[in-house]
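Taking it in order: structure first as structure tokens, then the write-up.
A, B, ... follow the sequence lines: proteins, then strands. Residue 1 opens every chain.
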Amino acid sequence: MKYDVQETEIRWQKEWAKAKVFETEANSNKPKFYCLEMFPYPSGNMHMGHVRNYSIGDSMARFQRLMGKNVLYPMGYDSFGMPAENAAKKEQGHPHYVTHRNIASIRADQERMGYSYDWRRSLTTSDVEYYRWNQEIFLMLNEKGLVERRYAPVNWCNDCDTVLANEQVKNNRCWRCGLEVIQKDMAQWFLRMTDYSDELLDELDNISFPENVKSMQRNWIGRSQGANIDFTVFNSDSKISVFTTRPDTIFGTTFVTLSPEHHLCEELCKNTEWEKGWRKLHDECSKLSEFERINMLKDKKGVFLGKYAVNPLSKEKIPIYAGNFVVASYGTGAVMAVPGHDQRDFDFAKKYDLPIKQVLSNELNDDNDGDIKSAFEGYGAMINSYTDKFDGLYGEDAKNAIISELENIQSGEGAVQYRLKDWLLSRQRFWGTPIPMIHCKSCGVVPVPKSSLPVMLPLDVIFREDQSGNPLDNHKDFINVNCPICGNKAKRETDTMDTFYDSSWYFMRYCDSNNANSPFDKETVDYWMKGGIDLYIGGIEHAVMHLLYARFFTKIIRDADMISVGEPFGRLVCQGMLNSPTPFCSKCNVDYHIDFFDCNCPTCGELLGQRSAKMSKSLGNTISPGQMVDIYGADTVRLFILFGANPEAGMDWSDSVLEANHRQLKSIIEALSSALLMPKSSSKMDNWIIAKLRKNQEKWKKVMSDVSLREGVMLSHFTMLSDWNWYRRRGGNNYEIAIEFLKTWLPMLSPITPHLAEEFWYRMGQEGYLAKFELPENVIPNNDNIILSYETLLRNVIDSSRNVKGLAERHVDSEITTLTIQTSPKWKYDLAREAITLQSKGFDFRSKGTEYLKSLPIFKNEQIRGEIFQTWTILTIGTKKKRGKIFTWAEDDKNLITNMNNESEFLSSNINFISKELGLDFVTIYSVGEGEDVAGKARLAFPLEPGIAFT
RNA sequence: GCUGGGAUACCCGAGUGGUCAAAGGGGCCGGACUUAAGCUCCGGUGGCAAAGCCUUCGUGGGUUCAAAUCCCACUCCCAGCACCA
């Protein structure tokens, strides 16, 4: 039967859409499965990374439908953001139209892949139907006090008159005009994410994220336990508060270092000889990007500020410095420097010749009272304290003692610091959700009343290349508004929201996408989100930002009583990189554009080799999914991508593997087609194939439930086919069995290659769509394993015969025509069964085995006594290298031995097949002793391992 | 430097104590079919004197009757964080 890939795939895609087979509603009578993929930015066409992401998701969605789950599988577009503005500028248009054009194109690509989304739920964040809820939620957060407006430094380009994102700053210069970027303090909107630091961190222990993601989030939140300690400034009312994780080293403090931006710096050195030095350091630091600053910091610099601080416990007077290595935004922006026990402070002290004091004993290295070469950063017993009561204290005890002393004298307290900062929400850009606030001269900053929402982005804006800044700033209709409180003329806020805000709750909106009255209905979202999203698939690049924002958002939504769960994602799978061959110079360690294949290295001149590198536009090593689908069809591309590697692993693109996968599908199609044309002729293989079918299916269900897709594909697309081929090779040819087989095989094929599965479901004459089919529960009959074991025995005998034949051919001069198989004599079977029974009772063969053997009636047979003894040993004890057979036989082998009536009879019933497989004229099979002992192989015969001789 | 993850045959990749010379795929080799294949099917793919023996799962040690698998040390690779007090 003909199978036209393109025609068939497109036909079924249309059929599925027409019949609305993927549309779902909440249904409390059915277990749910929420399968979600990371929100795509619609940048034009779908790329291979998307294909991988969605092929994983779609196959899991389809699998869970088969398993009887009510599956929510939505798709939508995260469409706000800079790229659309830039594209609009290029074509002198509006981001809205650019966005919608791109969405249409990516959606067409997705549909062509056959992804089973419920398209009714699709949403686009740049549409007012979505972003109006952003605004409503924002107002709610504002009421709850989670919104803050405060000044913060931003990257600013004077030429372009705009704020730059970190990634738009290259070498501290604007990516567009090349002017040096400065840090500018601007009023910004923040969400108080730090209120949730502890919950965000602690909950990580309970969610099933991959370890690397958890570790990244822990790093990012960066909680550290310590103390805030107040140092007073000598002869002044000012205080310097420092944060330290090592209060136990307080007596080793020999100076205090402030970040150059610290508000006290100016106050301390103003109008003194020290001011100039500080200003210089301050200016140097403030114009550096964070990246440069970290690089520059290798060179530690500091200036004395001319004043002294007083250690609250020892009352020592110590100098105050400003240092470029102290980060203003971490802790209090001030450090108590303990050069004896902190390497960084040690280096600084050496450079500026400041005293170094040891206040912890270093047991490992106690004898060096002379020159100290480095700081001792470990824990040690306190020494040299200014009062006896601390000496000898160690580690946590020491820290706690210092903290409580500080609390007693009100000069400090235990404190926790986080690296995590509040979420800077505002962007000085056009293409984002307008922040619903109004600036009124008399009333201040006031929220837009809920009834006046949404604040819509104007569509009558033309973007031009030469434009800079935010067009909203100059849009009179947008900006001019009356104050909702006093009614006087006021201005709208023109900042828009970070797009991570959009993607922090889109998965909740999917549950109730078309709700026109609220973001979503609580009952509905609770049904779908219970226990979190069951499977969330996406790239590792969102490990920190998106996944953390979304977790935070879910918690504030929960605290607003709009949802019941506090963690949005149940299981998270981060798909691996997609690589493809790229020219590479191993000497220079550089990847080159694919144009350089087989060329010499432009740098060192050596011939370039190749290696796998991440698919990227700059290397040109991308593969266009559309092109591949045009050649091979969606099913082949899906099979390649899912079989190529497990979801988490990286994978390499390979044309030859893709073609091989295409051939595999052709073989499957051929097998399916011919199965439908079989006559109704039953054979002894019918039971075998059905038993194998059940076994494969059980295994398949298990591995697929674990998202072990590669293993799943191996079973559904490789093992099942080769089993079916074996069935046919062994004479299986029964239409009724074929139908029974296909009724399970086609569903197994459908998650990965849905079109071909659906097509044959149809050709087979099944009612309804396979896409909606639910696999019935299987009952596995007990004797399945025995049926399979018999066949395994036959295959093993043929395999070893084949090996032995090769040997025989080398040793025998004449042509080989005859195979003689001597199966194990009955007494060996009897002994084997005896041993198996004893083993199941926990018999100790080492101490009592021989004695037991001697008590058996068979042992009286003196002629074969030696062989009996040997057999017993092989069975129960084994040799130096091998354990006894009863320990190495699998359960199935043991069952077979126990149940085997007559091995030679079984093999004889397959004599024609054996001779055909081995290309022989004569095959003789008998039990040892019932015929001539050809080539003395009788002794080798063992249960399941007959003696084999060729002549 | 810290944290997390790795290293398995020509390549990709499964494999958490014995049934492991190690699944599956690619590649390669051989055979069958065919006028002919780059199609399809079957077989082989560490070594050897071959129903066996020897060597091999990053390197070196150890535990065990038994190690790819457990423990220790080291090397290298990937990722994240980083003068974070």
Side-chain angles (χ1 to χ4, degrees), chain A residues 210-220 222 224 226-227 229 242-246 249 257 259 293-294 296-300 323-327 329-338 342-348 377 417-419 540 543-544 574 577 579 612 640 643-646 648-652 654-661 663-664 666-667 670 708 710-711 713-715 717-719 722 725 728-729 799-804 806-808 810-811 846 877-878 880-885 887-894 917 919 935 937 940-942 945-949:
Chain A
E211 276 313 309
N212 57 338
V213 175
K214 285 192 190 186
S215 145
M216 282 188 237
Q217 294 209 350
R218 287 195 186 104
N219 270 336
W220 190 263
S224 46
I229 304 176
V242 304
F243 175 73
T244 179
T245 55
R246 295 297 299 274
T249 64
T257 319
S259 93
R293 190 156 169 179
I294 286 160
M296 231 206 62
L297 283 178
K298 298 219 159 68
D299 177 27
K300 278 186 264 303
N324 65 349
F325 59 87
V326 182
V327 181
S329 55
Y330 186 79
T332 57
V335 182
M336 66 175 213
V338 186
D342 182 289
Q343 190 57 39
R344 181 199 54 198
D345 295 340
F346 180 89
D347 296 342
F348 192 85
E377 295 187 317
Q417 275 296 334
Y418 302 88
R419 212 183 71 96
I540 187 74
V544 173
C574 287
M577 295 276 181
N579 306 312
S612 254
F640 168 78
F643 182 56
N646 259 329
E648 270 112 339
M651 84 179 275
D652 294 338
S654 156
D655 292 337
S656 67
V657 178
L658 181 75
E659 276 166 40
N661 289 154
R663 287 201 298 272
Q664 186 74 18
K666 281 195 195 157
S667 311
E670 152 61 27
S708 293
R710 196 183 141 95
E711 241 180 296
V713 177
M714 220 140 75
L715 285 162
H717 286 68
F718 289 85
T719 309
S722 62
N725 284 339
R728 291 207 289 175
R729 206 164 133 195
D799 280 350
S800 19
S801 300
R802 215 180 333 251
N803 288 338
V804 176
L807 278 184
R810 267 174 272 159
H811 290 280
R846 256 174 215 286
I877 308 288
K880 249 186 195 164
K881 284 205 67 179
K882 281 196 172 151
R883 298 168 89 207
K885 295 245 184 216
F887 299 104
T888 60
W889 275 326
E891 266 325 289
D892 288 347
D893 295 333
K894 289 184 199 167
E917 282 294 304
K937 300 295 182 190
L940 294 170
F942 227 82
E945 296 165 54
I948 293 159

If you measure from OG1 on A:Thr257 to CG on A:Asp345, what distance do you get to the nearest 0.5 Å? 6.0 Å
Would you give the length of the straight line joining atom CD of A:Glu945 to atom CG of A:Leu940, rounded to the nearest 0.5 angstrom? 9.5 Å
When rounded to the nearest Å, what value does the distance between [atom1] atoms of [N] and [M] take?
| N | M | atom1 | result |
| --- | --- | --- | --- |
| B:A14 | B:C70 | P | 16 Å |
| B:G58 | B:G43 | P | 30 Å |
| B:U55 | B:A21 | C1' | 10 Å |
| B:A68 | B:G13 | C1' | 14 Å |
| B:U64 | B:C11 | P | 35 Å |
| B:U56 | B:G62 | P | 15 Å |
| B:C2 | B:C74 | P | 11 Å |
| B:U59 | B:G4 | C1' | 23 Å |

Just how far, in rounded Å, is [atom2] of [N] from [atom1] of [X]?
| X | N | atom1 | atom2 | result |
| --- | --- | --- | --- | --- |
| A:Asp799 | B:A51 | CG | P | 16 Å |
| A:Asp655 | B:G25 | CG | C1' | 16 Å |
| A:Glu945 | B:U19 | CD | P | 14 Å |
| A:Phe887 | B:U19 | CZ | P | 14 Å |
| A:Lys885 | B:G18 | NZ | P | 17 Å |
| A:Glu711 | B:G15 | CD | C1' | 10 Å |
| A:Asp342 | B:C84 | CG | C1' | 11 Å |
| A:Asn661 | B:G26 | CG | C1' | 9 Å |

Please name all residues satisfying ring pair (Phe, Tyr, Trp, His ring centres under 6.0 Å) with A:Phe348, sequence neighbours left out, ordered by chain then number. A:Phe255, A:Tyr321, A:Phe325, A:Tyr352
With sequence neighbours excluded, tell me which residues meet ring pair (Phe, Tyr, Trp, His ring centres under 6.0 Å) with A:Phe887. none
Both distances below 3.5 Å, Watson-Crick or wobble geometry, any strand: find the nucleotide opposite [N].
| N | answer |
| --- | --- |
| B:C28 | B:G44 |
| B:A21 | none |
| B:U3 | B:A79 |
| B:U69 | none |
| B:A51 | none |
| B:A14 | none |
| B:U63 | none |

Could you check which of [options] has an atom nearest any side-chain atom of [X]?
| X | options | answer |
| --- | --- | --- |
| A:Thr888 | B:G18, B:C84, B:G24 | B:G18 |
| A:Ser656 | B:G27, B:G13, B:U19 | B:G27 |
| A:Met714 | B:A85, B:G26, B:A23 | B:A23 |
| A:Arg710 | B:A51, B:G13, B:A85 | B:G13 |
| A:Asn646 | B:A14, B:G26, B:A51 | B:A14 |
| A:Ser224 | B:A85, B:A51, B:G26 | B:A85 |
| A:Arg419 | B:A82, B:A51, B:G26 | B:A82 |

Can you give one letter per nucleotide of nucleotides 36-42 of chain B, 5' to 3': B if a protein heavy atom sits under 4.0 Å from the base, S if only from the sugar-phosphate, - if neither? ---SSSS
List the residues meeting side-chain hydrogen bond (donor to acceptor under 3.5 Å, both in side chains) with [X], not counting sequence neighbours, and say none if there are none.
| X | answer |
| --- | --- |
| A:Arg218 | A:Asp205 |
| A:Gln343 | A:Asp347 |
| A:Glu377 | none |

Heavy atoms under 4.0 Å, any strand shown: does [X] hit a base, just sugar-phosphate, or nothing?
| X | result |
| --- | --- |
| A:Gly226 | nothing |
| A:Thr244 | sugar-phosphate |
| A:Ala660 | sugar-phosphate |
| A:Lys937 | base |
| A:Phe348 | nothing |

Could you check whether the side chain of A:Arg246 and the base of B:A85 have a donor-acceptor pair of N or O atoms closer than 3.5 Å, going by distance alone? no
Want to settle it: does A:Arg344 or A:Gly947 sit nearer the 5' end of RNA chain B, counting the closest nucleotide to each? A:Gly947
Hey, which of these two, A:Asp893 or A:Asp347, hits RNA chain B nearer its 5' end, going by closest nucleotide? A:Asp893
Would you mind reporting whether [Y] and [X] have side-chain heavy atoms less than 4.5 Å apart?
| X | Y | answer |
| --- | --- | --- |
| A:Val338 | A:Arg246 | no |
| A:Asp652 | A:Asn579 | yes |
| A:Glu211 | A:Lys214 | yes |
| A:Phe942 | A:Lys885 | yes |
| A:Thr244 | A:Val335 | no |

Between the protein and nucleotides 76-78 of chain B, which nitrogen or oxygen pairs come in under 3.5 angstrom?
none

Short N/O separations, protein against nucleotides 2-10 of chain B, under 3.5 angstrom:
from: B:U3; atom 1: O2'; to: A:Ser215; atom 2: OG; distance (Å): 3.4

Could you pull out all residues at least two apart from [X] that satisfy side-chain contact (heavy atoms from CB on, under 4.5 Å)?
| X | result |
| --- | --- |
| A:Ser224 | A:Phe243, A:Thr245, A:Tyr330, A:Gln417 |
| A:Arg663 | A:Glu659, A:Ala660 |
| A:Asn803 | none |
| A:Thr719 | A:Lys692, A:Asn696, A:Leu715, A:Asp723 |

